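Step one of this worksheet: look at the structure below.
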Protein chains: 2
Amino acid sequence: MNELVEKMPFDNKEENIQKAAIALKAMGHPLRLKILCVLGNQEFPVMDIVDQVGTTQSNVSQHIDILREKGIILSRREGSKILCRVRDAELLDLMDAMQRTFCQIH
Amino acid sequence: MNELVEKMPFDNKEENIQKAAIALKAMGHPLRLKILCVLGNQEFPVMDIVDQVGTTQSNVSQHIDILREKGIILSRREGSKILCRVRDAELLDLMDAMQRTFCQIH
DNA sequence: GACTTATATTAGCATAGTTTAATTTTGTTC
DNA sequence: GAACAAAATTAAACTATGCTAATATAAGTC
């Protein structure tokens with residue numbers, strides 16, 4: 001139809017762009033990214049995260065809520081604690097790639 | 001020093017987190033992400049991008065400025081046109097990985 | 001140098017996101 | 001069920017972003 005279509009290696013369907021932008025936006029906040037880094041490939045209670053990131057329980061809770069809402073992290077209750085973890089291994093790999101791409105000297 | 005340190009596979013140095021968060025935030029906007037998808041691995045004048053993304057020249061110009069400022073895209077003048085492109089191949093690879101991670105059915 | 005094309009800049013307004021502080025809910029232990 | 005611990009919720013204040021419309025700059029053409 002349009003010769004530009006063939007030249008575009010990246011899918012630019014509105015729906016996909018929206019999805020990706022929502023996820024990137026969720027991760028694109030220093031405190032939320034720090035929460036993700038603290039979690040890494042493990043599962044931690046909210047309390048532990050609060051201790052690591054250096055802000056209030058309320059603030060962490062709100063940011064965790066955003067990450068959960070956007071599907072970046074999962075959480076489950078265990079007794080009186082809520083355990084959080086990064087969604088899946090694929091996302092952990094992506095975080096690794098992000099680190100390499102954005103945190104090296106260019 | 002602390003047994004948690006060894007358990008953390010992800011670098012959580014403040015400086016790196018800041019850097020990555022800034023980049024992710026820049027990419028985490030639908031219009032900016034669309035600009036990046038339109039660019040792909042090619043170089044295009046601002047005008048072409050405006051035509052593709054469906055908003056005003058002023059708006060595109062401002063978003064391009066943000067992407068440039070955060071080091072996501074590069075641009076150069078050629079005559080009366082400004083040609084834009086995604087920073088480097090590594091970032092293109094990352095965009096590819098982002099697509100896979102965020103745009104597939106999970 | 002007037003006209004056109006391409007891009008950038010500015011200011012104002014509207015909306016969204018962030019943090020703080022206080023309160024509430026949920027679960028556990030005695 | 002009182003007291004405590006863990007997490008969530010709410011509201012208010014603050015800050016940042018995004019968009020529009022208008023204007024400015026820069027280069028190319030006649």
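Keep in mind that what you see is a predicted model, and the values were worked out from it rather than measured. All values below were derived from every heavy atom in this structure, side-chain atoms included, with hydrogens, water molecules and symmetry-related copies excluded. Quick note on labels: first sequence line is chain A, next is B, and so on, each numbered from 1.
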Quiz prompt | Those residues that, when tested against Arg77(B), pass salt bridge (Lys or Arg N to Asp or Glu O under 4.0 Å) (two or more places apart) | solution = none
Quiz item: Rounded to whole angstroms, how far apart are CG on Asp51(B) and P on dT5(C)?
Solution: 14 Å
Exercise. For Asp93(A), enumerate each residue passing the salt bridge (Lys or Arg N to Asp or Glu O under 4.0 Å) test, keeping only those at least two apart in sequence or located in another chain.
Key: none
Quiz item: CG of Asp48(B) versus C1' of dA6(C): gap in Å, rounded?
Solution: 11 Å
Quiz prompt | By salt bridge (Lys or Arg N to Asp or Glu O under 4.0 Å) - contacts of Glu69(A) (at least two apart) | solution = none
Quiz item: What's the NZ-C1' distance between Lys70(A) and dG17(C), to the nearest Å?
Solution: 11 Å
Practice problem: Decide, yes or no, whether a salt bridge links Arg100(A) with Glu90(B) under the criterion of side-chain N to carboxylate O below 4.0 Å. | Solution: no
Practice problem: Would you mind reading off the distance between Phe44(B) atom CZ and dA6(C) atom C1', rounded to a whole angstrom? | Solution: 17 Å
Quiz prompt | Interatomic distance where NZ belongs to Lys81(B) and C1' belongs to dT5(C) [whole Å] | solution = 9 Å
Exercise. Indicate for each nucleotide in nucleotides 15-30 of chain D, in 5' to 3' sequence, whether protein heavy atoms under 4.0 Å reach the base (B), only the sugar-phosphate (S), or nothing (-).
Key: -SSSBBBB----SS--
Quiz prompt | Residue pairs involving residues 28-40 of chain A (criterion side chain to side chain donor-acceptor pair (under 3.5 Å); sequence neighbours excluded) | solution = Arg32(A)-His63(A), Lys34(A)-Glu14(B)
Quiz prompt | Distance in angstrom units between Ile22(A) CD1 and dG17(C) P, rounded | solution = 10 Å
Quiz prompt | Separation of dT26(C) C1' from Met47(A) CE (nearest whole Å) | solution = 15 Å
Quiz item: What ring pair (Phe, Tyr, Trp, His ring centres under 6.0 Å) pairs are there with at least one residue in residues 77-100 of chain B, not counting sequence neighbours?
Solution: none
What protein N or O atoms touch nucleotides 2-4 of chain C N or O atoms at under 3.5 angstrom, if any, and at what distances?
none

Quiz prompt | By side chain to side chain donor-acceptor pair (under 3.5 Å) - contacts of Asp51(B) (at least two apart) | solution = none
Exercise. Could you tell me which residues satisfy side chain to side chain donor-acceptor pair (under 3.5 Å) with Thr56(A), sequence neighbours excluded, listed by chain and number?
Key: none
